[in-house]
Structures are given as C-alpha cells and as structure tokens.
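Following: one structure in structure tokens, then a few remarks.
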Amino acid sequence: MTLPLSGILVVSLEQAVAAPQATCRLADAGARVIKVERPEGDFARGYDSYVHGESANFVWLNRGKESVVLDLGKPDDKQLFAAMLAKADIFVQNLKPGAIAKLGFAIAELRSRHPRLICCSISGYGESGPFMTRKAYDLLVQAEVGLASITGGPEAPARVGFSVADIGAGMNAYQAILEALIARGRTGEGASISVSLFDAMAEWMTVPLLSHEGGHPFRRIGLAHAAIAPYGVFRSKDGADILISIQNDREWRVLADKILGDSALGTNPKFATSIQRVAHRAETDAMVATAFVRLDVAELMAMLEKSDIAFARVSDCALLSAHPHLRRITVDTPSGPATIPAPAPIVDMPRRYGAVPALGQHSDDIRKEFLGNTNEGKRP
C-alpha cells in the first residue's frame, strides 16, 4: 500500500524538539524528510546518551529522516539549500525569528518564488510581538504562560516532567501543515504558517485562565481535586500508591460498601454528598487510607476493578516499561536498534518507521541529487 504522504518532500532546518516532532510525524506517514543540520549537528544529539550512546530525544524524533550537513554561511551550501527548497513541498524551520531572512531565505520571498510551497516557522513567541526576540526554551515557556503556577503541590510551582511546550507546538505545526496540504490540493496554493510554544500552551491554559477571570483561580493541590473527595492518592499495605476518583455519590456508596466495608457510610449525612465529603475531606480521606493500607496492591486493585471504581496506579518509568498497555515500535539507530513507545494513532493505513540518521549520513547523495541540475523540478 502507498503511504499517505508518499511523494511529499519536506526540507527542515530544525533542531531540538518542536520542529523535529512535526517532521517526524510527516516521515512516519511517508513523506521524504531532509533534515538540515549545522556542521556540529542538531544539539539534541548531545542531550544525553541513554540509547546505545545516542540521545533519547534525538532517537525519538528523528526516525525516517535523511541528514545533510550545511553551513548556510557558505555560498555552495546556500546554493544546495535553495535547490532543495525549489523542489520541496514543505519547508519547516525553527530558528530564532528573523534568522532565516538574514540567511537570505525570507519566508515571504520563498512563498513568492515557490507559490506551492508550504512554509512552517516554529519559535518561542512567534514572528511578532514584544517577546518575539526572546530566547524561549520549554521550561521558560511553562513558567511564562502560567502552566508552572498550576502544576505541582501547594509548596511550590513545578514543571511538567517532559517538554510539553515543545511537543505541543510541534503537534500544532503538524496539524497545520496537514491542513495546508489539503487546501493546496484544492487551490494549488501553498501557505505560510507560524506556530509558537507560547501560543500552544496558552490555548491549553484556557480553562485555568477562564476560571481565574471568572473569579475562581486554580490552586496547586498535587494529585488531588479541589472540588471532589475522595479524589487522591492512598497507599497500599505493600507501599504502592493508588489514585482513586469518586466522581459522584453513587460511586461513593459503592466504595463505602465494597472497599471500606461499611455501607452505612454511603448514606451517612456527613459523607453522603460530594459537598459534605469535601467539607469533611480529612475524615473522608482518613477512612479511605485506613481501608487501603490493610491490603496489598494486587488485592486492592482487583477489588477496585471488580467494584468498577475509577483508579490508577501511580506508576514510575519502571512500571511503565512493563505496562501491559504499552505498545512499542523498533527503529534502527547508528548504534543499533531501539525499542520506543509507539505513536498514539492506531489506523488502518500504512506507516513507516525508518532509521535514525547519523550526522550528515546523506550529505553526498543529496548534494549530487540536487546540484546535478538545479533547474530541474523548480516550481512555476
């Protein structure tokens, strides 16, 4: 079967996480993605060495790409870059705003020269506005947009444990690129797209923001819920943490009868309604904690599942690694195969999970291909 994006050429001047996230998805769907790297390589190659000596971040987000090394300060490399763009369907870049224009490849000029080209620029704060030129790394954006203020426990703000702003921006870029491809199929025209980490997170902050503006600001309460009880983490006899969520009074009656062993608590006026349980949260939680600590985690989870109580184990990465619901794919890397979590969509269309390239692995072949005849295949 033909891959969904077979025949689509993507040229990506990318580094770190956000842009590679978008182009990785394009490569999975069959697009040819040429990753342009500086002579020292994408600095994400050096983030860590956890996968056979390769960076976990780089292995995750660069499968199925071709790597070409270019120094865009050199005329010959600029010529090759221009020749690649002349044949490209999609151009992705996440340099600092204004940097691509200084290199001689302003987006407006590219769009004029190649009307069918889809250009996507990813940055911290976008291509305009007072923060446009500010350096913006993932954690900085989490702080600036207010995400850190609602993450963690009461004692201090915290970061989400992975690069959520980068990933969010990359997935927004991927979505916008696909929309532009669909539109181009109807109109023949490309598009100019700008996605910022700040905007990606600001949209995800809609509910906390509107709650604040409505006079009900969110409070940091860790793994708990301000308006529901019992809703939180309780420990089993053998030291496992279990998170339960009692969403309504019917579920509370089931919990009281089947898990706490006291059906009378289900109708006791002090605990019968969510409002009353929240008002007496300390007592409510104490009863649940007392019941849970009598049971080993396996028995406790079996009882919760049989009673149809919403719960989850508070896992760490060791538990995730052996989780029965974790799907994996295997990708080749320069240092050997790596088994990584599979992309979320399960679709009845083909996907291609190609190899992670070594730095500059395809430079010679790409130079021969695109400079053999720089006029061939140029857009009208």
(request) Spell out, as yes or no, whether a donor-acceptor pair under 3.5 Å connects the side chain of Thr23 to the backbone of Ala19. (result) yes
(request) Taking atom NE2 of His216 as the centre, report whether more than 12 heavy atoms of other residues, nucleotides or ligands fall under 6.0 Å from it. (result) no
(message) Within a 6.0 Å radius of atom CG on Asp364, are there more than 12 heavy atoms belonging to other residues, nucleotides or ligands?
(response) no
(request) Please name the pair of heavy atoms, one in Ser196 and one in Asp199, separated by the smallest distance, quoted to 0.1 Å. (result) OG-N, 2.9 Å
(message) If you define the side chain from C-beta out and look only at heavy atoms, does anything of Pro230 sit under 4.5 Å from Ile244?
(response) yes
(message) Taking NE2 in His212 as the centre, count heavy atoms belonging to other residues, nucleotides or ligands within less than 6.0 Å. Is the count above 12?
(response) no
(request) Run the ring-centre check on Phe198 versus Phe131 and record whether the distance is less than 6.0 Å. (result) no
(request) For residues Val51 and Ala338, report the shortest heavy-atom separation together with the two atoms involved. (result) CG1-CB, 3.6 Å
(request) Answer yes when Arg184 and Glu189 have at least one side-chain N-carboxylate O distance shorter than 4.0 Å, and no when they do not. (result) no
(message) Could you check whether Lys65 pairs with Glu14 (Lys NZ or Arg NE/NH1/NH2 to Asp/Glu carboxylate O, under 4.0 Å)?
(response) yes
(message) Taking Leu70's backbone N and O only, do any of them form a donor-acceptor pair with Lys74's side chain (distance below 3.5 Å, no angle check)?
(response) no
(message) A quick test of your reading: do over 12 heavy atoms of other residues, nucleotides or ligands sit less than 6.0 Å from CD of Glu305?
(response) no
(message) Closer than 3.5 angstrom, by distance alone: can the side chain of Asp257 be matched with the main-chain N or O of Arg253 as a donor-acceptor pair?
(response) no
(message) Could you check whether atom CZ of Arg186 has more than 12 heavy atoms from other residues, nucleotides or ligands sitting under 6.0 Å from it?
(response) no
(request) Quick one: closest heavy-atom pair of Leu95 and Ala99, and the distance? (result) CB-CB, 3.9 Å
(request) Check whether any side-chain heavy atom of Val278 lies under 4.5 Å from a side-chain heavy atom of Tyr231, and answer yes or no. (result) no
(request) Output yes when Glu40 and Arg45 qualify as a salt bridge under the 4.0 Å nitrogen-oxygen rule, no when they do not. (result) no
(message) With heavy-atom distances below 4.5 Å as the criterion, would you say the side chains of Leu147 and Met201 are in contact?
(response) yes
(message) In this structure, would Val347 and Tyr353 fall into the same cluster of hydrophobic residues linked by side-chain contacts under 4.5 Å?
(response) no
(message) Let me confirm one number: the CG-OG distance from Leu26 to Ser12, rounded to the nearest 0.5 Å.
(response) 9.0 Å
(request) Evaluate the side chain to side chain contact (heavy atoms under 4.5 Å, CB included) criterion for residues Ile90 and Val92: first the C-alpha distance (whole Å), next the side-chain angles of each, then the deciding distance (0.1 Å), finally the verdict. (result) CA-CA 7 Å; Ile90 299 163; Val92 179; 3.8 Å; yes
(message) Around atom CD1 of Ile275, are there more than 12 heavy atoms from other residues, nucleotides or ligands closer than 6.0 Å?
(response) no
(message) Treating Asp138 as the side-chain partner and Val164 as the backbone partner, does any N or O pair qualify as donor plus acceptor under 3.5 Å?
(response) yes
(message) Under the criterion side chain to side chain contact (heavy atoms under 4.5 Å, CB included), I'd like the reasoning laid out for Met287 against Leu265: C-alpha separation, chi angles, the key distance, then a yes or no.
(response) CA-CA 10 Å; Met287 290 188 294; Leu265 288 172; 3.7 Å; yes
(request) Following the transitive rule for hydrophobic clusters with a side-chain heavy-atom cut-off under 4.5 Å over Ile, Leu, Val, Met, Phe, Trp and Tyr, establish whether Val254 and Phe234 coincide in one cluster. (result) yes
(message) Nearest 0.5 Å, please: how far is CZ in Phe91 from CE in Met84?
(response) 9.5 Å
(request) Mind checking the CD-OG spacing from Gln93 to Ser123? Nearest 0.5 Å is all I need. (result) 8.0 Å
(request) For Ala180 and Ala191, work out which heavy atoms get closest and say how close. (result) CB-CB, 4.0 Å
(request) Verify the neighbour count for atom CG of Asp71: are there more than 12 heavy atoms of other residues, nucleotides or ligands below 6.0 Å? (result) yes
(message) Are Arg313 and Val297 packed together at the side-chain level, in the sense that at least one heavy-atom pair is separated by less than 4.5 angstrom?
(response) yes
(request) I would like to know whether Tyr125 and Arg134 meet side chain to side chain contact (heavy atoms under 4.5 Å, CB included); could you show each step before the answer? (result) CA-CA 8 Å; Tyr125 291 98; Arg134 227 189 231 198; 4.0 Å; yes
(request) I would like to know whether Lys87 and Val11 meet side chain to side chain contact (heavy atoms under 4.5 Å, CB included); could you show each step before the answer? (result) CA-CA 9 Å; Lys87 294 184 178 181; Val11 174; over 6 Å; no
(request) Kindly say whether Ala344 contributes a backbone atom to a donor-acceptor pair with the side chain of Arg327 at under 3.5 angstrom? (result) yes
(request) Find out whether Gln276 and Thr284 are in side-chain contact, i.e. whether some heavy atom of one side chain is under 4.5 Å from a heavy atom of the other. (result) no
(request) Please check if the side chain of Gln361 supplies one atom and the backbone of Ala358 the other of a donor-acceptor pair under 3.5 Å. (result) yes
(message) When you measure from the side chain of Asp42 to the backbone of Ala44, do you find a donor-acceptor pair of N or O atoms at a distance under 3.5 Å?
(response) yes
(message) Return the CE to CG distance between Met301 and Leu304, rounded to the nearest 0.5 Å.
(response) 9.0 Å
(request) Keeping the roles fixed (side chain from Asp296, backbone from Glu299), state whether a donor-acceptor pair exists under 3.5 Å. (result) no
(message) In this structure, would Val141 and Leu139 fall into the same cluster of hydrophobic residues linked by side-chain contacts under 4.5 Å?
(response) no
(message) Can you tell me how the ring of Phe81 sits relative to the ring of Phe105, calling it parallel under 30°, perpendicular over 60° and tilted otherwise?
(response) perpendicular
(message) If we ignore hydrogens and angles and just use 3.5 Å, is the side chain of Arg352 paired with the main-chain N or O of Leu3 as donor and acceptor?
(response) no
(request) Could you grab the distance from atom NZ of Lys258 to atom CD1 of Ile309, nearest 0.5 Å is fine? (result) 10.5 Å
(request) Output the distance between atom CD (Gln21) and atom CG (Asn62), rounded to the nearest 0.5 Å. (result) 10.5 Å
(request) May I have the step-by-step check of side chain to side chain donor-acceptor pair (under 3.5 Å) for Ser335 and Glu54, ending in yes or no? (result) CA-CA 7 Å; Ser335 303; Glu54 309 281 346; 2.6 Å; yes
(request) Please check if Val195 and Leu178 belong to a single hydrophobic cluster, counting links between Ile, Leu, Val, Met, Phe, Trp and Tyr side chain heavy atoms closer than 4.5 Å. (result) yes
(request) Check Pro4 against Arg351 and note the closest heavy-atom contact, atom names and distance. (result) CG-NH1, 3.5 Å
(request) Compare all side-chain heavy atoms of Leu85 with those of Arg113 and state whether any distance is below 4.5 angstrom. (result) no
(message) Would you say Asp238 and Ser236 are linked by a side-chain donor-acceptor pair, where the criterion is simply a distance under 3.5 Å?
(response) yes
(request) Might you point out which heavy atoms bring Gly126 and Met132 nearest each other, and give the distance in Å? (result) O-CG, 3.4 Å
(message) I'd like to know if the side chain of Asp332 reaches the main chain of Pro337, judged simply by a donor and an acceptor atom lying under 3.5 Å from each other, with no hydrogens or angles considered.
(response) no
(request) Determine, for Glu66 against Lys35, whether the closest basic-nitrogen to carboxylate-oxygen distance falls under 4.0 angstrom. (result) no
(message) Does any part of the side chain of Arg219, heavy atoms only, come nearer than 4.5 Å to the side chain of Pro154, both counted from C-beta?
(response) no
(message) Is it the case that atom NZ in Lys78 sees more than 12 heavy atoms from other parts of the structure closer than 6.0 Å?
(response) yes
(request) Apply salt bridge (charged side-chain N to carboxylate O under 4.0 Å, His left out) to Asp76 and Arg367, showing your working. (result) CA-CA 10 Å; Asp76 286 351; Arg367 192 171 295 275; 6.0 Å; no
(message) I need the full list of salt bridge (charged side-chain N to carboxylate O under 4.0 Å, His left out) pairs touching residues 265-282, with sequence neighbours left out, sorted by first then second residue.
(response) Asp249-Arg277, Lys270-Glu283
(request) Measure from the ring center of Tyr50 to the ring center of Phe58 and say whether it is less than 6.0 Å. (result) no
(message) With a 4.5 Å cut-off on side-chain heavy-atom distances among I, L, V, M, F, W and Y, is there a chain of contacts connecting Ile34 to Leu103?
(response) yes
